[in-house]
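These numbers come from the heavy atoms of this one structure, side chains and all, not from hydrogens, waters or symmetry mates. Chain identifiers are assigned alphabetically (A, B, ...) following the order of the sequence lines, protein sequences preceding nucleic acid strands; residue numbering begins at 1 within each chain.
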There are 2 protein chains.
Amino acid sequence: MDKKSKSLSKNQKIVLDFIQKNKKPVKAYSILSNVQKKGINAPPQVYRALDKLIKIGKIHRVESQNSFVACKISNCDTPHKTVFSICNSCEIVSEINDPKLFKNLKDFRDKDGTVFDGYNLEFFGTCKSCKNKQIENTKH
Amino acid sequence: MDKKSKSLSKNQKIVLDFIQKNKKPVKAYSILSNVQKKGINAPPQVYRALDKLIKIGKIHRVESQNSFVACKISNCDTPHKTVFSICNSCEIVSEINDPKLFKNLKDFRDKDGTVFDGYNLEFFGTCKSCKNKQIENTKH
DNA sequence: TAAAAATTTGTTATATTATAACATTATACT
DNA sequence: AGTATAATGTTATAATATAACAAATTTTTA
Ligand SMILES: [Zn+2]
Ligand SMILES: [Zn+2]
Ligand SMILES: [Zn+2]
Ligand SMILES: [Zn+2]
């Protein structure tokens with residue numbers, strides 16, 4: 001148990017627990033309706049917890065979906081350096097951990113030589129499972 | 001004048017014109033209020049035009065800002081392959097055109113060997129102009 | 001340990017972003 | 001000309017996110 005997980009507040013723990021239980025990214029209002037039995041009543045309570053969890057790298061925001069997913073890479077931190085693959089069909093999201101790609105992104109400089117603090121990369125495609133389903137369907 | 005620009009409808013042209021006139025990305029409701037004098041009255045008219053313009057690659061959505069920016073690279077098309085640099089301070093956005101980076105992204109395969117149709121990459125940092133301003137401020 | 005500072009909470013209201021639904025009109029295709 | 005496709009105009013509403021403020025809790029520092 002590291003410092004960060006110890007220092008989470010009650011609402012932050014509730015929200016993180018819910019996100020971690022889900023394989024797919026979850027939406028803020030879905031979180032809200034699912035944690036109301038635990039005493040979280042209103043959007044700001046959810047969004048505050050989300051903001052904090054994002055800040056400390058426990059979760060990430062999937063920008064193209066307005067959704068939130070637990071970090072699958074232990075050492076994610078701010079400023080964020082995140083890479084995801086997103087299925088266009090089922091919308092499942094996987095966090096990609098590819099050292100070579102990370103290095104390419106970390107080393108990237110723009111034409112001015114500007115160094116960037118962080119990045120977010122989202123790849124779009126069809127996941128294996130959805131691709132198989134599509135093949136099934138063409139057989140009939 | 002290519003086929004695509006010829007085939008734009010009235011509302012699509014109005015919205016594209018406004019976006020292209022702006023150096024910074026613009027928000028949907030800012031577009032709406034700025035084109036009301038041209039006869040666009042309601043959000044769906046703006047969002048429909050945006051959807052079409054995105055589809056044909058004339059504009060891109062800046063996911064982390066819920067904003068829209070004109071394409072600066074002539075051959076952007078669907079499925080999208082976009083790279084931006086975004087200033088954390090002034091929120092200015094530049095579309096990056098870097099063949100080497102493009103190749104890295106195009107060639108990327110996940111662990112399963114899955115090929116991706118498209119991607120969106122957003123780099124975050126401080127632009128040259130904002131960096132200079134910060135240096136100015138520390139001098140006093 | 002007591003005061004001060006920082007963080008988190010609870011709450012109400014509201015702002016911002018985006019889409020559903022449906023009738024109508026314009027454009028492109030054969 | 002007749003059909004299909006795309007775009008328009010409109011009203012209403014859904015979905016996402018933040019402002020503002022008082023109260024309670026936790027952490028820090030003296
Ligand atoms: Zn992560
Ligand atoms: Zn899938
Ligand atoms: Zn482009
Ligand atoms: Zn800047």
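- Every pair passing side-chain hydrogen bond (donor to acceptor under 3.5 Å, both in side chains) that includes a residue from residues 86-97 of chain B is listed here, sequence neighbours excluded: H60(B)-E95(B).
- Within the structure, salt bridge (Lys or Arg N to Asp or Glu O under 4.0 Å) pairs that include any residue of residues 60-73 of chain A comprise R61(A)-E63(A) (at least two apart or interchain).
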Please report, to 0.1 Å, the donor-acceptor pairs under 3.5 Å made by any side chain of residues 18-25 of chain A, with sequence neighbours excluded.
residue	atom	partner	partner atom	Å
N22(A)	ND2	F18(A)	O	2.7
K24(A)	NZ	C90(A)	O	3.0

Check: residues 33-47 of chain A side-chain donor-acceptor pairs under 3.5 Å, at least two apart:
residue	atom	partner	partner atom	Å
S33(A)	OG	Y29(A)	O	3.4
S33(A)	OG	S30(A)	O	3.2
N34(A)	ND2	S30(A)	O	2.7
Q45(A)	OE1	N41(A)	N	2.7
Q45(A)	OE1	A42(A)	N	3.0

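- Regarding I40(A), its CD1 atom lies at a distance of 11 Å from the C1' atom of dG10(C), rounded to whole Å.
- For dT26(D), neither phosphate oxygen OP1 nor OP2 lies less than 4.0 angstrom from any side-chain nitrogen or oxygen of S9(A).
- Residue pairs meeting the salt bridge (Lys or Arg N to Asp or Glu O under 4.0 Å) criterion with at least one partner in residues 101-118 of chain A, sequence neighbours excluded, are K103(A)-D107(A).
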Verdict with supporting geometry, L105(A) and L121(A), side chain to side chain contact (heavy atoms under 4.5 Å, CB included): CA-CA 9 Å; L105(A) 294 168; L121(A) 171 54; 4.0 Å; yes
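- Atom C1' of nucleotide dT8(C) and atom CD1 of I14(A) are separated by 13 Å, given to the nearest angstrom.
- Within the 4.0 Å cut-off from OP1 or OP2 of dT11(C), at least one side-chain nitrogen or oxygen of N41(A) is found.
- Taking Ile, Leu, Val, Met, Phe, Trp and Tyr as members and joining any whose side-chain heavy atoms lie under 4.5 Å apart, directly or through other members, the hydrophobic cluster of F84(A) also contains V62(A), V69(A), I86(A), V93(A), F124(A).
- Counting to the nearest Å, the P atom of dA6(D) and the NZ atom of K55(B) are 8 Å from each other.
- Per the geometry, CG belonging to L50(A) stands 12 Å off P belonging to dT16(D), to the nearest Å.
- A donor-acceptor contact shorter than 3.5 Å is absent between the side chain of K128(B) and the backbone of G113(A).
- By the ring pair (Phe, Tyr, Trp, His ring centres under 6.0 Å) test, Y119(A) pairs with no residue at all, sequence neighbours left out.
- Atom CG of L8(B) is separated from atom P of dT8(D) by 10 Å (rounded to the nearest Å).
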Sequence-aligned protein contact record of nucleotides 17-30 of chain C, with B where the base is within under 4.0 Å of a protein heavy atom and S where only the sugar-phosphate is: BBBBBB--------
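- Here K10(A) reaches the OP1 or OP2 of dG10(C): one of its side-chain N or O atoms lies under 4.0 Å away.
- Within the 4.0 Å cut-off from OP1 or OP2 of dA7(D), at least one side-chain nitrogen or oxygen of K52(B) is found.
- OP1 or OP2 of dT9(C) has at least one side-chain nitrogen or oxygen of N11(A) nearer than 4.0 Å.
- The side chain of Q45(A) places no N or O atom within less than 4.0 Å of a non-bridging phosphate oxygen (OP1 or OP2) of dT9(C).
- Atom-to-atom, CG of L53(B) to C1' of dA6(D) comes out at 14 Å; the value is rounded to the nearest Å.
- With axes fitted over five pairs at each extremity, the angle between the ends of the helix from dT1(C)-dA30(D) to dT30(C)-dA1(D) is 50° (10° resolution).
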